[in-house]
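In what follows, a single structure is set out as structure tokens and then discussed.
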There are 2 protein chains.
Amino acid sequence: MKLSSRTEYAVRAMAELAEMHGGDPVPLRGIAERQDIPEKYLEQLFRQLRKAGLIRGVRGAQGGYSLTREPRDVTVGDIMRAVDGPIAVCSCAAEGEGDDECERKSHCAAHPVWARLQSGIVSILDSTTLYDMLAETPAHDIQGNRGGGS
Amino acid sequence: MKLSSRTEYAVRAMAELAEMHGGDPVPLRGIAERQDIPEKYLEQLFRQLRKAGLIRGVRGAQGGYSLTREPRDVTVGDIMRAVDGPIAVCSCAAEGEGDDECERKSHCAAHPVWARLQSGIVSILDSTTLYDMLAETPAHDIQGNRGGGS
DNA sequence: GGATATCATACTGATTCAGTCGGAATTACC
DNA sequence: GGTAATTCCGACTGAATCAGTATGATATCC
């Protein structure tokens, strides 16, 4: 029941990209330094985020990374799935399909609990966007993204 | 974000003890066989459950394990904490105390999400009891619970 | 006393995880 | 065109955690 460091790092880094959204691409090195994440490791994560279509990389000098979508359209669940694969509290209650392994044991008393846990987790992760994250972080009143929440 | 096998095993085994609650102590071996759990491994888990005060062991022939409390007074969270320690999605959002490590980084955009996730998980785990588990398992209209048996 | 159990500790093998290395390809700027 | 900046890529490694085993001691019923 613990988050991987991949997820922790990726979410923090994505939050920073969201902050800078709309401006120039942000070089990975700076993100790694500010967030205190090993640079090469973050590079690996960014590759996965890119393959998942969440970010775009611009090569060469003055290059860097930027979001492909609006911060309000990227959820924490999206990020987690990109770097850690499908969310699954156990093989019995994976998202996607094919829980054939446990289906036959339909008399398993634990199954309903895990299913409830799984859907609770997924619903929290999928209902929080990068925009939400920035909005609830006090230290950030970002230029550009104001507008009236409430 | 995955359950340990300790938790999966322990919860299944405890559900079986709950089923037999009120009768004779149940030997570990039978539980292990019926639930398809390595016996010696389960023994290890039962020791932790015992130290946590959730079950009682009766030694010797005709011995076995039984619940110390009513099934309605034992939650899945209790079981999980007994075998896996405190529930914590990350060091920033552990239950108990001392999150000094991340407290200084109070500008961390991810923190509120993890806190929400943590409390969502805990609330599901702590609101489901063994009694609930049996009640929602269709295949069980248990015969064992009316005393006589043998 | 012997069979049946729980109780206790220590060990091991495998898998996963976090992080690293070395280098190739691309682009801005001079 | 050269150089520095920067993304892109695959493979590798060391460490930690996890799942499961081995061995034996202690208690209790018959």
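Quick note on labels: first sequence line is chain A, next is B, and so on, each numbered from 1. Computed over heavy atoms, backbone and side chain alike; hydrogens, waters and symmetry mates excluded.
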List, with names and distances, any nitrogen or oxygen atoms from the protein found under 3.5 Å away from nitrogen or oxygen atoms belonging to nucleotides 25-30 of chain C.
| unit_1 | atom_1 | unit_2 | atom_2 | d |
| --- | --- | --- | --- | --- |
| C:dT26 | O4' | A:Arg59 | NH1 | 2.7 |
| C:dT27 | O2 | A:Ala61 | N | 3.3 |
| C:dA28 | O4' | A:Ala61 | O | 3.3 |

Query raised in the report: Between A:Arg50 and D:dC9, does any side-chain N or O lie under 4.0 Å from OP1 or OP2?
Result: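 A:Arg50 to D:dC9 OP1/OP2: side-chain N or O found under 4.0 Å.
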Rounded to the Å, how far apart are [X] [atom1] and [N] [atom2]?
X       : N      : atom1 : atom2 : value
A:Glu33 : D:dT6  : CD    : C1'   : 14 Å
B:Arg29 : C:dC7  : CZ    : C1'   : 15 Å
B:Phe46 : D:dG20 : CZ    : P     : 15 Å
A:Tyr65 : D:dA5  : OH    : P     : 17 Å
B:Leu45 : D:dT21 : CG    : P     : 12 Å
B:Arg47 : C:dT6  : CZ    : P     : 13 Å
B:Gln48 : C:dC7  : CD    : P     : 13 Å
B:Arg56 : C:dC7  : CZ    : P     : 11 Å

Report task. At under 4.0 Å between heavy atoms, which parts of nucleotides 14-21 of chain C does protein reach? Answer with one letter per nucleotide, 5' to 3': B base, S sugar-phosphate only, - none. Result -> ----BBB-
**Report entry** A:Lys2 and B:Asp84: CA distance, side-chain angles, deciding distance, salt bridge (Lys or Arg N to Asp or Glu O under 4.0 Å) verdict
**Finding:** CA-CA 11 Å; A:Lys2 206 164 162 242; B:Asp84 266 336; over 6 Å; no
Query raised in the report: Which nucleotide in the set D:dT7, D:dC8, C:dT6 lies at the smallest distance from any side-chain heavy atom of A:Leu28?
Result: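 Among D:dT7, D:dC8, C:dT6, the one nearest the side chain of A:Leu28 is D:dT7.
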Report task. In plain terms, say whether B:Asp132 and A:Arg116 are close enough for a salt bridge, that is, a side-chain N and a carboxylate O under 4.0 Å apart. Result ->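 Judged by the 4.0 Å cut-off on N to carboxylate O distance, B:Asp132 and A:Arg116 do not form a salt bridge.
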Query raised in the report: Taking NZ, NE, NH1 and NH2 as the nitrogens, is one of them in A:Arg12 or A:Asp36 under 4.0 Å from a carboxylate oxygen of the other?
Result: no
Report task. Dump the intermediate steps for side-chain contact (heavy atoms from CB on, under 4.5 Å) on B:Thr128 and A:Leu117, then the final yes or no. Result -> CA-CA 10 Å; B:Thr128 307; A:Leu117 185 62; over 6 Å; no
Query raised in the report: To the nearest 0.5 Å, how far apart are CD1 in B:Ile121 and CD in A:Gln118?
Result: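 If I round to the nearest 0.5 Å, the distance is 10.5 Å.
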Report task. Mind running side-chain contact (heavy atoms from CB on, under 4.5 Å) on B:His21 and B:Leu130 for me, showing each step along the way? Result -> CA-CA 11 Å; B:His21 185 58; B:Leu130 289 176; over 6 Å; no
Query raised in the report: Got A:Val89 and A:Met1 here, is their nearest side-chain heavy-atom distance under 4.5 Å?
Result: yes
Query raised in the report: Does atom CZ of B:Arg29 have more than 12 heavy-atom neighbours, drawn from other residues, nucleotides or ligands, at distances under 6.0 Å?
Result: no
Query raised in the report: Do other residues, nucleotides or ligands put more than 12 heavy atoms under 6.0 Å from the CG atom of B:Asp24?
Result: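 Check fails, neighbour count at 12 or below.
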